[in-house]
Amino acid sequence: MKNIDSTGHTRGESIYLDDIPLLRGTLFGAVYGSPVAHGFIRRLDVSGAEETPGVVRVFTFQDIKGENQIGGIIPDEPLFAEHHVHFCGMPVAFVVAVSEDAARHAVEKIKVEIEPWPVVTDPRVAQANGELIVPPRTFRLGDVDQAWSLCEHVIEGRADTNGQEHLYIETQGAYAMPLENDVIRVYSSTQAPTAVQRAISKVTALPMHALDIEVTRLGGGFGGKEDQANVWAALCALACLHLKKPVKYAMPRTDDMVMTGKRHPYSSDFRIGVDKDLKILAYEVTFYQNAGAAADLSPAVLERTLFHCTNSYFIPNVRATAYSCRTNLPPNTAFRGFGGPQGMYVIEAAIAKVAEGLGVDAAVIQKKNLHRTGDIFPYGQLAESEAHACWQKAEDLYDIQSMRREVEAFNGSNRLFKKGIAFMPVCFGISFTKTLMNQARALVHVYTDGSVSLTTGAVEMGQGVNTKMLQVAAAVFSIDPGSVRIQATSTFKIANTSPSAASATADLNGKAVQMACVEILRRLKEVAAAELGVAVEDVEWREGMVWVSGAATELDWKKLVLAAFVRRVSLSEHAHYATPGIHFDPSKEKGHPFAYHVYGTAIVTVTLDCLRGRYVIDAVKVVHDFGTSMNPLIDRGQMEGGIVQGLGWMTMEEVIYDEKGRLRSNTLSTYKVPDIYSVPEEISIDFLHTQRDNLAIFRSKAVGEPPLMYGIGVYFALRQAIRAFNPSTDLPFSTPLTPEKVLMGLYDKKLEHVPG
Ligand code: MTE
Ligand code: HPA
Ligand code: MOS
């Protein structure tokens with residue numbers, strides 16, 4: 001089944017925030033963000049803005065009716081700066097005017113005098129200053145200190161990954177409108193309608209039942225709208241409450257890039273020990289997470305880094321410590337993989353360094369240490385592993401021997417071009433790491449004409465979740481998918497939702513849909529039994545018909561539905577699903593936090609131009625564990641998108657803040673994302689079909705985030721190519737590996753000035 005949105009998207013008919021018809025009298029907002037990364041506000045003068053033609057009002061912290069606080073995990077994030085600013089772009093004032101132009105023009109008239117304070121952008125400096133968002137966490141397995149003496153080789157190093165701009169096509173924004181009796185409806189481009197509802201409730205002091213947050217779809221979220229849509233929605237709602245007028249704010253791209261947080265940069269130290277057979281005996285790692293100026297989701301991201309610090313490998317002795325460091329950058333936030341990629345990069349760097357030191361192929365070490373079913377993760381859960389199955393199938397299917405021969409032959413016969421090849425195994429845990437978030441609800445109505453309406457807590461952001469929800473209902477009812485319609489996500493229809501995130505949206509909401517449909521079907525079978533005068537045990541529902549004792553009857557879907565209505569049997573159901581069997585005890589750092597893991601292996605090949613430092617990615621060939629995919633077309637799209645987003649992070653996407661904490665890469669001319677010319681020439685995806693029972697909806701495993709991490713393989717393939725040219729290069733483990741850095745590595749030069 002194709003994505004139900006493909007026709008609308010292709011024709012430009014799909015509705016995003018900016019396509020919602022405006023009510024008469026709608027006002028427009030613009031944010032004045034701090035020009036300074038850290039300091040004390042001596043004087044704020046908004047009179048110039050207030051006097052600008054078209055301006056209705058300028059809001060500051062003094063206009064807040066509830067609390068000036070939008071922090072989700074930790075209350076450390078004011079909506080408006082009061083007396084201090086902590087990052088460039090921190091909202092100081094919100095101008096509301098009769099037009100977008102007037103509002104933006106007025107923002108430029110605001111004057112502020114700020115006493116500058118020292119700016120910290122480096123997480124290691126923040127950690128040394130004791131600036132931590134939460135106390136450090138440590139995951140332990142075995143006894144690392146004892147294990148070092150058993151190792152044949154022990155190698156240490158440092159690895160750094162940079163941030164990443166989400167660059168959703170639709171920027172952040174919201175449109176708030178007053179209904180009667182202080183009820184506000186907010187259209188928000190958010191992955192988390194309930195988080196928006198809570199934030200607005202806190203800021204406006206309105207109860208949650210007065211706040212209808214509605215989302216039809218997003219033009220991309222990628223984690224950037226899990227927590228950070230709250231700000232703009234709260235600003236619009238606050239203005240709406242004061243002015244009793246509809247207020248809209250859709251961010252200009254540069255404001256979005258400057259004011260919102262990104263993927264967390266990490267700086268990490270590792271120590272790894274192997275025995276003479278290249279078995280990894282011990283691994284110690286310290287992560288310094290650059291959290292930015294407020295907690296946002298950083299503690300949860302930090303946790304997922306620890307959960308993924310050993311990737312697909314079984315390591316008997318592990319000690320992993322993570323610091324969430326407060327700096328003067330915009331609060332960094334969720335981004336596809338949610339800290340997992342940052343953790344995996346470091347173990348892959350450690351393995352690469354061992355391989356380079358010993359002169360062996362990294363793939364030998366990787367393969368030897370893949371975990372098997374029954375192996376324990378450092379956090380106590382036992383693996384149900386497909387790691388070997390994926391790896392072995394990749395080796396066989398893609399004929400690794402001839403791939404290797406090809407690379408060797410090429411490198412032997414070319415002096416100025418070199419190829420590199422790398423494996424990238426992935427193991428990703430599915431579930432929110434906070435157990436309580438693993439719950440969802442669905443509301444199903446069957447109308448008397450037989451059409452079905454479906455509302456869930458899921459937000460469609462391009463990942464195809466609505467299509468999957470529709471497939472679940474159509475499958476349970478065994479009716480044509482065309483008679484099921486997905487309704488916009490709304491806090492008035494589905495309450496207390498978790499964000500659409502953690503790749504778990506289809507599982508959580510899909511299970512709730514399944515439960516609701518199964519319950520309606522159960523009642524319909526009773527109706528059929530009564531209509532036909534047979535025992536309910538003899539009634540069967542399949543192919544859109546009632547069957548009794550193996551024979552089809554007259555009762556089809558429409559007749560059955562109508563019969564239920566006539567008999568006054570409910571044709572609606574609201575179901576609640578909570579993932580069973582998961583738990584985690586943070587005081588011990590042990591438990592069973594994930595419903596299951598997703599596995600896969602990618603083989604990446606690249607060709608490097610050793611004169612220019614430029615490169616092409618020849619191929620990314622993957623064997624991926626989809627379980628039993630319920631929508632191979634959508635899942636393939638998630639794979640391709642994830643891989644390209646991951647390799648963008650590893651190679652060309654360079655977030656640069658200067659020493660004053662100002663974002664220099666604040667436009668699409670200074671921040672480069674993969675385009676059609678830089679994507680791999682070949683992406684091959686093989687589906688490892690597994691029939692194993694699991695907690696995935698219809699055994700179709702979650703696919704949203706895991707493929708991003710295959711992109712990490714591109715870094716290591718490039719590194720191999722550089723070493724084929726210059727075997728003694730001391731290229732640091734530092735990403736993105738831009739062509740400039742590649743060139744330095746090829747000729748062992750240091751960049752004189754690395755900004756940021
Ligand atoms: N795919 C598209 N097209 N757009 C997105 O914003 N977000 C990713 C992934 N795939 C995203 C996407 C992220 S960060 C997550 S967590 C999952 O989709 C969320 O959706 P799911 O839980 O339905 O997989
Ligand atoms: N993944 C994604 N988003 C989240 C998580 C998680 O584990 N926890 C809280 N938000
Ligand atoms: Mo995705 S980073 O969990 O929104």
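Because the structure is predicted, anything quoted here is derived from the model rather than measured. Just follow the structure's listing: the first ligand is 1, and inside any ligand the first atom is 1.
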Hey, what's the ring geometry for His624 with Tyr710, parallel, tilted or perpendicular (30° and 60° as the breaks)?
perpendicular

Measure up the Tyr379 and Phe377 rings against each other and bin them: parallel (under 30°), tilted (30 to 60°), perpendicular (over 60°).
parallel

Can a side-chain donor-acceptor contact be found between [Y] and [X] if the only test is distance below 3.5 angstrom?
X	Y	result
Ser14	His9	yes
Thr735	Thr161	no
Glu170	Ser189	yes
Thr305	Gln342	no
Asn496	Thr194	no

Using the test ring-ring contact (aromatic ring centres under 6.0 Å, His included), find all partners of Tyr266 that sit at least two apart in sequence or belong to another chain.
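Not a single residue meets the ring-ring contact (aromatic ring centres under 6.0 Å, His included) criterion with Tyr266.
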
Sub-4.5 Å side-chain heavy-atom contact between Val426 and Cys390:
no

So do Thr491 and Met208 actually touch side chain to side chain, heavy atoms under 4.5 Å?
no

Against heavy atoms of [X], which atoms of ligand 1 measure under 4.0 Å?
X	value
Ala501	16 (S), 22 (O)
Gly462	2 (C), 3 (N)
Thr505	20 (O), 21 (P), 22 (O), 23 (O)
Gly220	6 (O)

Of the side chain and backbone of Ala702, name the one, both, or neither that has a heavy atom under 4.0 Å from an atom of ligand 1.
neither

Ala502 and ligand 1 - part of the residue with a heavy-atom distance under 4.0 Å
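For Ala502, only backbone atoms sit under 4.0 Å from ligand 1.
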
Considering only heavy atoms, which of Gln638, Gln645, Glu460 lies nearest to atom 12 (C) of ligand 1?
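Among Gln638, Gln645, Glu460, the closest heavy atom to atom 12 (C) of ligand 1 comes from Gln638.
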
How far is [atom] from its nearest protein heavy atom, and which residue and atom is that?
atom	value
atom 4 (N) of ligand 1	Met461 O, 2.9 Å
atom 8 (C) of ligand 1	Arg336 NE, 3.9 Å
atom 20 (O) of ligand 1	Gln463 NE2, 3.1 Å
atom 17 (C) of ligand 1	Gly704 CA, 4.0 Å

Compute the ring centroids of His371 and Tyr599, then answer whether they are less than 6.0 Å apart.
yes

Checking the N or O distance criterion of under 3.5 Å, is ligand 1 in contact with [X]?
X	answer
Phe222	yes
Phe335	no
Glu705	no
Gly221	yes
Ser500	no

Within the protein, flag every N or O under 3.5 Å from an N or O of ligand 2, and note the pair and distance.
residue, atom, partner, partner atom, Å
ligand 2, 3 (N), Glu226, OE1, 3.1
ligand 2, 3 (N), Glu226, OE2, 3.1
ligand 2, 7 (O), Arg304, NE, 3.3
ligand 2, 7 (O), Arg304, NH2, 3.1
ligand 2, 7 (O), Thr433, N, 3.2
ligand 2, 10 (N), Glu226, OE2, 2.6

Within less than 4.0 angstrom of ligand 1, does Gly223 place any heavy atom?
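So Gly223 counts as touching ligand 1.
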
With a 4.0 Å cut-off, would you call [X] and [Y] a salt bridge?
X	Y	value
Asp635	Lys468	yes
Arg336	Glu705	no
Asp18	Lys248	yes
Glu589	Arg140	no

For Asn631 and Met1, indicate whether the former's side chain and the latter's backbone hold a donor-acceptor pair under 3.5 Å.
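The answer is yes, because a donor-acceptor pair under 3.5 Å joins these two groups.
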
With sequence neighbours left out, write down each residue that passes salt bridge (Lys or Arg N to Asp or Glu O under 4.0 Å) with Glu77, or none if nothing qualifies.
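Partners of Glu77 by the salt bridge (Lys or Arg N to Asp or Glu O under 4.0 Å) criterion come out as none, since no residue qualifies.
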
Find the distance between NE2 (His689) and CG (Asp625) and round it off to the nearest 0.5 Å.
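It is 11.0 Å, given to the nearest 0.5 Å.
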
Between ligand 3 and the protein, which N/O pairs are shorter than 3.5 Å?
residue, atom, partner, partner atom, Å
ligand 3, 3 (O), Ala502, N, 2.7
ligand 3, 3 (O), Glu705, OE2, 3.4
ligand 3, 4 (O), Gln191, NE2, 2.8
ligand 3, 4 (O), Gly223, N, 3.4

